[in-house]
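Structure, as structure tokens:
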There are 2 protein chains.
Amino acid sequence: MNSPEDLYQRPIVSVDLAIFALVPAGLEVLLACRGTDPFAGDWALPGGWIHVDKDRDLEAAARRVLADKAGITAPYLEQVGVFGDALRDPRGWSLSVTYMALISPDAFTLRHGGNVTDVAWRPISGDAVMEPLAFDHATILRAATARLRSKVEYSTLPVHLLPEAFTLGELQAVYERLLGRSLDKSAFRKRMAEADFIEPIEGEMRRASNRPAQLYRLKQARSTVFFDRTI
Amino acid sequence: MNSPEDLYQRPIVSVDLAIFALVPAGLEVLLACRGTDPFAGDWALPGGWIHVDKDRDLEAAARRVLADKAGITAPYLEQVGVFGDALRDPRGWSLSVTYMALISPDAFTLRHGGNVTDVAWRPISGDAVMEPLAFDHATILRAATARLRSKVEYSTLPVHLLPEAFTLGELQAVYERLLGRSLDKSAFRKRMAEADFIEPIEGEMRRASNRPAQLYRLKQARSTVFFDRTI
DNA sequence: ACCACTTAGTGTCAAATGTCAACTAAGTTA
DNA sequence: TAACTTAGTTGACATTTGACACTAAGTGGT
């Protein structure tokens with residue numbers, strides 16, 4: 001009979017991350033160059049094994065990988081899904097529990113100039129990167145970008161790609177770049193007001209050579225709010 | 001170091017199913033009574049281990065469990081997510097890869113009168129069943145019902161709870177019962193026409209004592225279509 | 001034959017929404 | 001202080017949406 005006590009029956013389980021950041025050039029994803037054998041030398045999504053002695057749950061494992069491999073504490077983490085079959089890893093039947101993380105350009109630049117040689121940001125064109133990826137990570141990345149893009153339409157998720165304080169103009173620009181089309185300013189502001197997930201920060205403003213803009217921040221305990229309608 | 005070769009480091013992995021059917025009384029889920037030790041005698045979502053020698057991938061494993069435990073081939077199967085932590089299973093760090101399946105009342109009645117003693121349909125009130133569930137299956141069931149209910153709002157998913165041929169009135173009734181509110185007939189029909197995922201079946205009609213209704217069926221390769229807006 | 005009844009399916013119109021464009025506001029630079 | 005740039009608001013108009021009434025097509029009773 002099959003039981004969990006037949007250890008060799010258990011599939012291999014990894015936790016992999018699609019870490020997204022938005023830079024002036026577009027959307028980028030963090031990739032790691034594999035140093036060990038299956039697909040050694042190829043680029044892959046950063047990932048790791050579950051530490052059954054250290055990780056309380058799956059999200060904790062994902063956050064640990066995020067910190068270990070990328071030195072990042074992401075404001076936003078969401079499970080994308082599980083990908084598992086007999087052939088994706090030559091070592092045997094394996095699962096990838098995949099999360100996507102959104103980080104702001106602040107955190108981004110911290111690592112961008114760093115001395116990490118095995119981790120690098122790569123631009124996403126369409127729903128893929130230029131370089132071939134290890135395992136079935138191209139498929140997984142496609143699923144993650146699809147999830148991100150589809151949620152942009154009807155949620156407040158893109159706010160996590162901005163620094164803690166931001167203007168409404170910047171927020172609109174993020175939506176526009178993710179959606180690939182321009183939005184109406186007045187309609188956009190009306191929606192954001194109705195959604196009621198950001199609040200003005202008093203006293204502050206910024207920028208140069210023109211009228212300063214009101215700064216906003218995400219309201220506490222409002223990390224993702226869904227719109228009634230498409231923006 | 002941790003590697004997949006340290007077999008005892010691997011978490012236990014099961015594939016569990018939330019199988020839904022809609023009966024006149026409301027939404028029901030198929031539960032299995034556990035015969036073996038962890039939580040023996042308790043009700044649980046039907047599930048099984050991955051057979052690394054037989055299952056091609058996760059969905060194949062889910063379909064096998066569906067056939068083995070419930071004798072059902074579901075028209076619709078969707079991954080809900082992975083639930084994993086150190087404590088949910090007393091045997092150790094474990095994962096549940098959860099799928100939800102939607103079946104039509106036809107398939108339902110086939111099993112309802114059957115001689116299965118360890119599998120039973122239970123009504124869902126709110127997002128839970130009356131009886132306490134093994135492991136964290138109450139949490140998992142809550143996630144599955146939430147997924148089902150949220151998708152009703154903006155997708156064609158509820159067709160899978162109907163038999164192959166159905167009328168627009170029946171389809172509207174399914175939406176109304178899942179949403180818990182009544183819908184406008186003309187608006188509903190306009191939406192369904194725009195979504196363009198069902199087609200009339202020629203010549204046929206049915207019912208008694210009033211005007212017969214046109215029968216429809218799901219268009220091929222259109223199992224789930226998303227609406228632009230909430231219905 | 002005809003009327004009452006039931007459900008199927010369509011049409012209408014006011015209200016809400018999205019689009020487009022102009023307008024005012026508040027800063028910087030020359 | 002005038003020109004310029006971006007922030008933020010306001011209003012007119014076309015389009016879409018939702019509530020409701022209407023017509024259509026059957027059955028069954030008298």
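These numbers were taken from a predicted model, which means no experiment stands behind them. By convention in this document, chain letters (A, B, ...) are assigned in the order of the sequence lines, proteins followed by strands, and residues within each chain are numbered from 1.
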Atom-to-atom span, CG of Asn210(B) to P of dC5(C) - whole angstrom: 15 Å

Of Leu168(A) and Glu194(B), the one whose closest DNA chain D nucleotide lies more 5': Leu168(A)

From CG (Leu22(B)) to CG (Leu102(B)), nearest 0.5 Å: 10.0 Å

Sugar-phosphate only, base, or nothing, as touched by Ser186(A) at under 4.0 Å among non-hydrogen atoms: base

Gap between atoms NZ and C1', on Lys190(B) and dG18(D) respectively (whole Å): 8 Å

Rounded interatomic separation in angstrom, taking OH from Tyr154(A) and C1' from dG18(C): 21 Å

dA7(D) OP1/OP2 closer than 4.0 Å to side-chain N/O of Arg189(A): no

Nucleotide dT17(C), atom C1' - distance to CG of Leu183(A) in whole Å: 15 Å

Residue Arg149(A) excluded, over 12 heavy atoms near CZ under 6.0 Å: yes

Spacing between Arg211(B) atom CZ and dA8(C) atom P, to the nearest angstrom: 9 Å

Separation of atom CG in Asp184(A) from atom C1' in dG8(D), rounded to whole Å: 13 Å

Whether His160(B) and Tyr76(B) hold their rings parallel, tilted or perpendicular, with breakpoints at 30° and 60°: parallel

Sugar-phosphate only, base, or nothing, as touched by Ala213(A) at under 4.0 Å among non-hydrogen atoms: sugar-phosphate

Distance in angstrom units between Gln172(B) CD and dG18(D) P, rounded: 13 Å

Nearest-angstrom distance from the residue atom CD of Glu170(B) to C1' of dT7(C): 12 Å

Ion pair check, Glu153(A) and Arg191(A), cut-off under 4.0 Å: no

